[in-house]
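In what follows, a single structure is set out as structure tokens and then discussed.
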Amino acid sequence: MLNEVAVRITRPCTDLAAAARFYIQGLGLDLLHRIAADAPGEHDLLILGSPDANWHLELVGGAHLTVKPTPTTEDLLVLYLGRPVDDAVIDRLQQSGGRVVSQGPYWDRWGVTVEDPDGYRLVLSTRTWSNAG
């Protein structure tokens, strides 16, 4: 049963427009859904990903957001590309508000790390991954 579930990664966001530029224009994710808060206690949401994927990234923001982003250097979203990282993608991420940072010897060897506008780290890894071992 758990092999077939969908995964949602949710993060608070201070500026949904800046995050949208980074993840949509920079990284190339699709905007799957947008929700605008219309009542107190509700939040604005962006749901990003690929229509064919079994996961998506939800960014929560807006005037009623009470939790501010507090990323650490270990809060990583790692995408295993299985190929070299395209320099054009890195350029687009930087032009879209990202900043290339060092994530230490391991990740620096196996990919590129870019901070999003809220300071969360996205690792584009040249490696592949399989849970099968």
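Heavy-atom basis, side chains included; hydrogens, waters and symmetry copies ignored. Because the structure is a prediction, the values reported are computed rather than measured.
Formation of a donor-acceptor pair under 3.5 Å by the Asp86 side chain with backbone atoms of Ala88 is found in this model. Not one N or O on the side chain of Asp116 forms a donor-acceptor pair closer than 3.5 Å with the backbone of Ala19. In this structure a side-chain-to-backbone donor-acceptor pair under 3.5 Å is missing from Asn54 to Val7.
Each of Leu31, Leu48, Leu46 was checked for a side chain to side chain contact (heavy atoms under 4.5 Å, CB included) with Tyr23, and the lone residue meeting it is Leu48.
Contacts of Asp91 classified as side-chain hydrogen bond (donor to acceptor under 3.5 Å, both in side chains), with partners at least two apart in sequence or in another chain: none. Evaluation of the salt bridge (charged side-chain N to carboxylate O under 4.0 Å, His left out) rule for Arg21 yields no partner, not counting sequence neighbours. In this structure Trp129 satisfies the ring pair (Phe, Tyr, Trp, His ring centres under 6.0 Å) test together with Tyr80, sequence neighbours excluded. With sequence neighbours left out, the side-chain hydrogen bond (donor to acceptor under 3.5 Å, both in side chains) criterion links Arg83 to no other residue. The side-chain hydrogen bond (donor to acceptor under 3.5 Å, both in side chains) search around Thr70 returns none, not counting sequence neighbours. Evaluation of the side-chain hydrogen bond (donor to acceptor under 3.5 Å, both in side chains) rule for Thr73 yields no partner, not counting sequence neighbours.
In this structure, the side chains of Leu93 and Leu122 come closer than 4.5 Å at one or more pairs of heavy atoms. In this structure, the side chains of Leu65 and Pro12 come closer than 4.5 Å at one or more pairs of heavy atoms.
Summarising the geometry of Pro69 relative to Asp118, their closest heavy-atom pair is CG-OD1, 3.6 Å, with the distance given to 0.1 Å. In plain terms, the two heavy atoms of Ser125 and Val78 that are nearest each other are CB-CG1, 4.2 Å.
Put simply, OH on Tyr120 and CG on Leu59 are 9.5 Å apart, with the number rounded to the nearest 0.5 Å. To the nearest 0.5 angstrom, Gln94 atom CD is 9.5 Å from Phe22 atom CZ. Note that the OG1 atom of Thr10 and the CG atom of Leu45 stand 8.5 Å from one another [nearest 0.5 Å].
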Ignoring hydrogens and angles, write down the donor-acceptor pairs under 3.5 Å from the side chains of residues 105-113, residues two or more places apart or on other chains.
from	atom 1	to	atom 2	distance (Å)
Tyr106	OH	Arg127	NH1	2.7
Asp108	OD1	Gln103	N	2.9
Asp108	OD2	Ser102	OG	2.5

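Linking ILVMFWY side-chain heavy atoms closer than 4.5 Å, directly or via other members, places Ile24 and Ile9 in a single hydrophobic cluster. A continuous path of Ile, Leu, Val, Met, Phe, Trp and Tyr side chains, each step under 4.5 Å between heavy atoms, connects Val114 with Leu79, placing both in one hydrophobic cluster. In the hydrophobic clustering of ILVMFWY residues, with side-chain heavy atoms under 4.5 Å counting as a link, Ile90 and Leu77 come out together. If you chain together hydrophobic residues whose side chains sit under 4.5 Å apart, Val123 and Val85 never meet in one group.
Clustering of Ile, Leu, Val, Met, Phe, Trp and Tyr side chains at separations under 4.5 Å places Leu32 together with Ile47. Other members of a hydrophobic cluster containing Val67 are absent, since no ILVMFWY side chain comes under 4.5 Å of it, directly or through relayed contacts.
Sorted by first and then second residue, the salt bridge (Lys or Arg N to Asp or Glu O under 4.0 Å) pairs with a member in residues 53-67 read Arg8-Glu58; sequence neighbours excluded. Applying the ring pair (Phe, Tyr, Trp, His ring centres under 6.0 Å) definition to pairs two or more places apart or across chains, none involves residues 50-77. Screening residues 26-51 for side chain to side chain donor-acceptor pair (under 3.5 Å) gives no qualifying pairs among residues at least two apart or on separate chains.
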